[in-house]
Peer 1: 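One structure is given below, represented as structure tokens, and several questions about it will come after.
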Amino acid sequence: MSTSSERREIVIVGGGIIGCCSAYYLTRHPSFDPSRHSVTLIEATEIAGGASGKAGGLLALWAYPSSIVPLSYKLHAELAKEHNGKDRWGYREVNCGQLIIDGRRLPEKKEQSGGKSEESVSLQKRSAAALEKLKSARVPKDLDWIEPELVRGYESMSDPGETAQVHPYLFTTSIAKLAEESGAKITLGSVTGINYSEDAVQSVTYTDKKTGESQTISATDVIVAAGPWTRTVLPEAPITATRAHSVVIRPQQPVSAYTLFTNIALPANFDPTKPSRPDVASPEIYARPDATVYACGEGDQTVPLPPTSAEVEVDEVRCQEIINQVGSISDRLRNGEICARQACYLPNVAAARGGPMIGHTGTKGLYLAAGHTCWGIQNAPGTGQLISEFVFDGQAKSARIRALDPREYF
């Protein structure tokens with residue numbers, strides 16, 4: 001184990017939330033001394049350019065893996081308290097539930113009465129029959145932006161204090177800025193290689209984004225946190241990529257704070273322009289404190305991972321399917337403004353145990369922090385703190401994560 005008095009040149013590959021949290025916690029480790037230690041984060045395109053800027057942002061104590069979730073969930077609350085996360089990145093506790101519901105065919109809209117759209121009517125003003133249906137389905141009264149006559153069942157997935165959320169892009173960019181303020185340097189460039197000397201890292205070579213020139217910087221420690229792009233610098237890493245599409249909708253009126261895992265029964269000929277059989281869709285819906293709603297669909301692997309996050313291909317048809325599905329259960333969403341249609345790639349670990357992989361590799365000074373699947377935002381603070389411990393203390397201290405050891409595969 002290296003002592004903190006030694007000169008340390010720490011390089012982080014990847015400017016998503018894992019890399020940014022690693023930079024943040026490295027600069028806040030008790031042993032960090034800016035006179036002897038440098039932290040450089042190298043990002044190919046832009047901070048939060050990939051999944052970290054396009055995720056849902058759900059935080060949950062029942063997330064995966066259980067070895068780091070409690071630590072990371074606690075750190076999220078501490079970060080929000082210390083840095084005004086409520087205003088800076090939308091941190092708040094949120095309700096979470098599973099919704100079983102029937103979807104309406106696309107042309108069908110609820111009739112307006114008295115010149116007012118049903119959209120502006122809260123649950124408290126709905127008919128007695130509608131209220132009774134919601135009560136029997138155990139739907140909370142403030143979940144008033146879902147059409148009551150369509151609901152078949154609702155089940156809460158958390159007790160108070162067990163689920164929260166952040167705005168992923170704002171969270172990631174804020175943490176990056178805080179890391180910079182504490183001494184980290186952010187460089188835009190594509191890493192082309194990690195260089196070794198006698199089984200230890202020696203330097204990192206990258207192509208500068210602005211000049212296009214190749215640069216090499218010395219390194220005593222390298223943390224690879226490149227998400228789905230991990231194999232571009234560590235070809236032996238068992239990290240694969242899954243594309244995920246999402247949309248952001250701004251309802252005409254704000255909606256209550258719920259994250260919903262849905263099971264929507266779509267009728268035959270759901271879209272009249274495309275004859276179809278009955279089907280089931282499962283989009284996830286996240287109300288956000290900035291008066292928008294985020295919704296995402298199932299992943300796909302039809303398009304290979306592109307060289308950078310800037311080149312991710314967005315399938316407009318898949319985005320429209322999500323819009324149609326969530327609009328089929330809510331007039332607020334159906335009549336809202338579409339603010340974004342987007343796609344990103346999630347990093348998976350191609351191993352039976354799943355991910356993520358956090359810690360030492362078989363090479364001195366080389367660490368891996370990747371494979372967080374859809375729980376990267378949730379588990380980033382915990383991962384960042386653990387990486388800081390691996391670098392400065394030689395081992396994880398805040399959580400027992402032997403099952404996440406990358407050395408089983410390196």
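Source: prediction; values computed, not measured. Residue indices begin at 1 and follow the sequence shown.
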Peer 1: Indicate yes or no for a side-chain donor-acceptor contact from Arg7 to the backbone of Thr220 under 3.5 Å, with no hydrogens or angles considered.
Peer 2: no

Peer 1: With side chains defined as the heavy atoms from C-beta onward, is the minimum distance between Leu143 and Tyr154 less than 4.5 Å?
Peer 2: yes

Peer 1: Could you state the interatomic distance from CD1 (Ile17) to OH (Tyr24), rounded to the nearest 0.5 Å?
Peer 2: 11.0 Å

Peer 1: Let's go through Arg243 and Thr302 carefully: what are the C-alpha distance in whole Å and the side-chain angles of both, what is the deciding distance for side chain to side chain donor-acceptor pair (under 3.5 Å) to 0.1 Å, and is it a yes or a no?
Peer 2: CA-CA 8 Å; Arg243 186 174 63 161; Thr302 58; 3.2 Å; yes

Peer 1: Verify whether one side chain among Ser158 and Asn95 offers a donor that lies under 3.5 Å from an acceptor in the other.
Peer 2: no

Peer 1: Between His360 and Tyr367, what is the ring plane arrangement, given parallel below 30°, perpendicular above 60°, and tilted in between?
Peer 2: tilted

Peer 1: Kindly say whether Glu213 contributes a backbone atom to a donor-acceptor pair with the side chain of Thr211 at under 3.5 angstrom?
Peer 2: yes

Peer 1: Under a 3.5 Å threshold, yes or no: a donor from one side chain and an acceptor from the other, between Gln325 and Ser328?
Peer 2: no

Peer 1: Report yes if the distance between the aromatic ring centroids of His167 and Tyr91 is under 6.0 Å, otherwise no.
Peer 2: no

Peer 1: One pair to check against side chain to side chain contact (heavy atoms under 4.5 Å, CB included): Arg36 and Glu6. What are the steps and the verdict?
Peer 2: CA-CA 7 Å; Arg36 292 192 300 269; Glu6 290 181 307; over 6 Å; no

Peer 1: So, Glu389 and Ser398: side-chain donor and acceptor under 3.5 Å apart, yes or no?
Peer 2: yes

Peer 1: Would the distance check show the side chain of Tyr345 and the main-chain N or O of Pro304 forming a donor-acceptor pair, the cut-off being under 3.5 Å?
Peer 2: yes

Peer 1: Is there side-chain contact between Gln252 and Arg332, with at least one heavy-atom pair below 4.5 Å?
Peer 2: no

Peer 1: Under a plain distance cut-off of 3.5 Å, with no hydrogens placed, do Asn348 and Thr242 share a side-chain donor-acceptor pair?
Peer 2: yes

Peer 1: Any idea how His83 and Trp89 line up, ring-wise: parallel (<30°), tilted (30 to 60°), or perpendicular (>60°)?
Peer 2: tilted

Peer 1: May I ask you to test the Gln378-Val69 pair for a side-chain heavy-atom distance under 4.5 Å?
Peer 2: yes

Peer 1: Quick one: do Thr383 and His372 satisfy side chain to side chain contact (heavy atoms under 4.5 Å, CB included)? Show the steps, please.
Peer 2: CA-CA 10 Å; Thr383 299; His372 289 72; 3.0 Å; yes

Peer 1: Using a distance-only test with no angle check, is there a side-chain donor-acceptor pair under 3.5 angstrom linking Tyr73 and Asn379?
Peer 2: no

Peer 1: Find out whether Glu162 and Val94 are in side-chain contact, i.e. whether some heavy atom of one side chain is under 4.5 Å from a heavy atom of the other.
Peer 2: no

Peer 1: Ala340: what forms a side chain to side chain contact (heavy atoms under 4.5 Å, CB included) with it, not counting sequence neighbours?
Peer 2: Val248, Gln342

Peer 1: With side chain to side chain contact (heavy atoms under 4.5 Å, CB included) as the test, would you mind laying out the steps for Ile42 and Ile217 before giving the verdict?
Peer 2: CA-CA 11 Å; Ile42 305 177; Ile217 58 172; 4.0 Å; yes

Peer 1: Does Trp229 offer a backbone N or O that forms a donor-acceptor pair with the side chain of Thr232 under 3.5 Å?
Peer 2: yes

Peer 1: Looking only at side-chain N and O atoms, does Ser190 offer a donor or acceptor that is under 3.5 Å from a partner on Thr207?
Peer 2: no

Peer 1: Would you say the side-chain atoms of Arg318 pair up with the backbone N or O of Glu298, donor to acceptor, closer than 3.5 Å?
Peer 2: no

Peer 1: If we count only N and O atoms by modelled type, under 3.5 Å, do the side chains of Thr205 and Thr216 hold a donor and an acceptor together?
Peer 2: yes

Peer 1: Any side-chain donor paired with an acceptor under 3.5 Å for Glu9 and Ser38?
Peer 2: no

Peer 1: Taking the side chain as C-beta and beyond, is there a heavy-atom pair between Ile146 and Leu99 under 4.5 Å?
Peer 2: yes

Peer 1: Between Ile68 and Leu386, does a side chain to side chain contact (heavy atoms under 4.5 Å, CB included) hold up when you go through it step by step?
Peer 2: CA-CA 9 Å; Ile68 61 173; Leu386 289 164; 3.7 Å; yes

Peer 1: Mind checking whether Ile377 and Leu59 have side chains closer than 4.5 Å, heavy atoms only?
Peer 2: yes

Peer 1: Decide whether Ser276 and Asn269 meet the rule of one side-chain donor and one side-chain acceptor closer than 3.5 Å.
Peer 2: no

Peer 1: Which is it for Ser203 and Asn195 under the side chain to side chain donor-acceptor pair (under 3.5 Å) test, yes or no, and what are the steps along the way?
Peer 2: CA-CA 5 Å; Ser203 61; Asn195 311 306; 2.8 Å; yes

Peer 1: What I want to find out is whether Asp405 reaches Arg407 closely enough, with some N-O distance under 4.0 Å, to be called a salt bridge.
Peer 2: yes

Peer 1: Can you say whether the rings of Phe32 and His37 are parallel (under 30°), tilted (30 to 60°) or perpendicular (over 60°)?
Peer 2: tilted

Peer 1: Do the side chains of Asp199 and Lys364 get close enough for a salt bridge, i.e. N-O under 4.0 angstrom?
Peer 2: no

Peer 1: I'd like to know if the side chain of Trp375 and the backbone of Ala60 have a donor-acceptor N/O pair within less than 3.5 Å.
Peer 2: no

Peer 1: Assess whether a salt bridge exists between Arg92 and Asp87, defined as any Lys/Arg side-chain N lying under 4.0 Å from an Asp/Glu carboxylate O.
Peer 2: no

Peer 1: Under a plain distance cut-off of 3.5 Å, with no hydrogens placed, do Arg28 and Gln385 share a side-chain donor-acceptor pair?
Peer 2: no

Peer 1: For the pair Thr173 (side chain) and Leu170 (backbone), establish whether a donor and an acceptor sit closer than 3.5 Å, ignoring hydrogens and angles.
Peer 2: yes

Peer 1: Is there a side-chain contact between His245 and Ile322, using heavy atoms and a 4.5 Å cut-off?
Peer 2: yes

